[in-house]
Every structure is written in C-alpha cells, then in structure tokens.
Amino acid sequence: MRSVRVLGCRVDAIDVSGAVARIVALARGSEPSLVVTLGTEMVVRARTDARFREVVNRSALSLCDTIGVLFAARLWGARIPERVAGIELIDPLCAAFAREGISIYLLGAKGDTAERAARTLRERYPTLVIAGARDGYFAPADDESVADAIARTGAQVALLGLGSPRQECWIDAHLLRAGCAVGIGIGGSFDVLAGNVERAPEAWQRANLEWLYRLLKEPQRWRRQLALPYFVLLTLRERLFARPTLEES
Ligand code: UDP
C-alpha cells in the first residue's frame with residue numbers, strides 16, 4: 001500500500017473496498033490495530049500535538065476522511081480514488097462484519113445515541129453482532145472500567161465516536177485492555193446513524209461542499225472550521241517548498 005505525508009501525517013492510498021478488506025483482515029489478527037479517519041482539523045492539530053501525530057503515524061490504517069486531505073494527498077502524488085470518510089465506511093464495513101461474523105461495540109456520543117445507532121445498524125444488517133454500546137461522556141478516571149466493560153462483551157472491533165483526538169488516543173491507550181483487535185475512530189457518525197444530525201444532501205456532497213452545509217447548519221462550528229483555510233495555506237506552502245515523499249509498505 002502506498003502512503004503519503006500530508007503536513008507530517010501519514011495518509012494511506014486506499015479506497016473504500018480496500019479499506020474494508022484490510023479492516024476485516026486486521027479484525028482476524030492478534031495485534032490491536034488503530035484505524036484513523038483523518039480529517040483536516042486533525043492534521044492541523046497534529047502539527048502542534050506531537051503525541052497525537054505519533055498515534056496517527058503508527059496506526060494500522062490512516063484513511064482520507066475529508067476533501068481537504070484528499071486534495072493534499074493528491075498534490076503529493078497519491079492516487080487515492082475517493083474519500084474514505086468514517087460515515088461512508090460504516091455501511092460497507094458493517095455489511096462485511098455481518099457476513100464474516102465479526103462482532104462490534106459502539107462507544108461514543110451523548111445519552112442513548114450509540115444505542116439508537118446500534119438499532120439502525122441492526123435493522124440494516126440483521127445478522128450483525130453488536131456486542132454492546134455506551135455513551136462517550138465518562139471521566140478519564142473511568143477509562144479502564146469502560147475498557148473492561150467492552151472486554152466482557154467479547155467484541156472484536158470497537159467503533160469510537162468520542163471526537164478527535166480523544167478517540168484515537170483512547171484506542172491507542174486502551175484497545176488492548178478492551179480486548180478488541182481493531183479500534184476505529186469515526187467522529188460524529190453515531191449522531192448521523194441515530195438521526196440527530198442530517199448529512200448534506202447528495203448534490204452538496206457531490207460538489208464537495210459538505211463542510212459548507214455543516215457550517216451553515218451548525219454556525220457555532222465556524223471557529224473549528226478555520227482549520228480548513230489554514231490547512232489549504234499550509235499545504236500549498238509545503239507543496240511549493242518541499243519535496244514529495246511517497247512511501248511503500
Ligand atoms: N463526544 C463524546 N464524548 C466527548 C466529546 C464528544 O462522545 O467527551 C462525541 C460527540 O457527542 C459527537 C462525537 O463525539 O457525537 C464527535 O463529534 P464531532 O462533531 O466533534 O466529530 P467530527 O465528526 O467533527 O469528528
């Protein structure tokens with residue numbers, strides 16, 4: 001698999017079906033593996049947060065979650081055919097897990113959102129084994145007891161929607177204790193599955209304007225979204241003044 005570095009973060013050149021096949025293989029392995037869905041804000045954060053950058057770069061899979069990261073990865077010569085956003089990965093992934101008998105645990109979001117997301121997935125994939133679900137509002141002091149509770153369910157894959165960088169750092173620190181082979185950071189996807197948040201209409205998605213739709217719907221996000229123009233500036237600067245680094249693994 002080919003990878004490129006975008007502002008110091010590894011991005012793997014893989015499409016949705018390749019990512020699903022790799023995650024299924026990782027779920028059968030014995031090493032705990034982190035799967036990152038790398039967004040623009042995450043790359044900007046990683047520039048100044050060395051621990052987070054390390055976690056991203058030693059992940060088993062670093063997928064291109066946003067159009068910004070896709071654009072930058074292509075500038076660096078990666079042939080990535082499409083975005084592999086968390087929300088778009090969930091359906092093909094759950095279809096594969098249902099087929100292969102791989103069980104999952106849903107951790108994240110407010111109140112009963114994860115349970116409602118589980119219900120949606122059960123309706124779509126009746127043979128999918130959902131070993132458990134819980135909300136993502138717990139204190140760091142409870143990290144280990146949450147991991148132990150996941151371990152008791154015997155889930156093989158944990159989907160984490162705690163927001164970034166918490167979800168990636170949590171997987172890095174606690175996946176072994178949780179007894180899962182794979183942990184995937186999926187951001188706000190449970191909110192979409194549970195119907196709390198609407199995705200942009202298809203036309204907006206096709207025009208790569210999902211970020212704008214989200215900004216209009218949730219104007220309080222404007223400060224976070226400043227990461228996007230900043231990311232574009234940094235990427236163009238890096239592309240003009242540095243040499244591309246393609247990696248093979
Ligand atoms: N969240 C959580 N625990 C926290 C903070 C956030 O479970 O302590 C959840 C939040 O409810 C939301 C998700 O994490 O469901 C991430 O939301 P955000 O919009 O930040 O994610 P994005 O999709 O932008 O990464």
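Because the structure is a prediction, the values reported are computed rather than measured. No hydrogens, no waters, no symmetry mates; every other heavy atom, side chains included, goes into these values. One-based numbering, in listed order, for ligands and for the atoms of each.
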Contacts of Glu144 that satisfy salt bridge (Lys or Arg N to Asp or Glu O under 4.0 Å) - sequence neighbours left out: Arg177
Using a 3.5 Å distance criterion without hydrogens, assess whether the side chain of Gln156 forms a donor-acceptor pair with backbone atoms of Ile104. no
Expected contact list for ligand 1 at under 4.0 angstrom, heavy-atom basis, is Gly108, Ala109, Lys110, Gly136, Tyr137, Gly161, Leu162, Gly163, Arg166, Gly187, Gly188, Asp191, Arg214, Arg221, Arg224
Please check if the number of heavy atoms outside Arg58 that lie under 6.0 Å from its CZ is greater than 12. yes
Can you name the side chain to side chain donor-acceptor pair (under 3.5 Å) partners of Arg28, sequence neighbours left out? Glu100
Can you list every salt bridge (Lys or Arg N to Asp or Glu O under 4.0 Å) pair that touches residues 124-143, not counting sequence neighbours? Asp91-Arg124
Treating Arg53 as the side-chain partner and Gly8 as the backbone partner, does any N or O pair qualify as donor plus acceptor under 3.5 Å? no
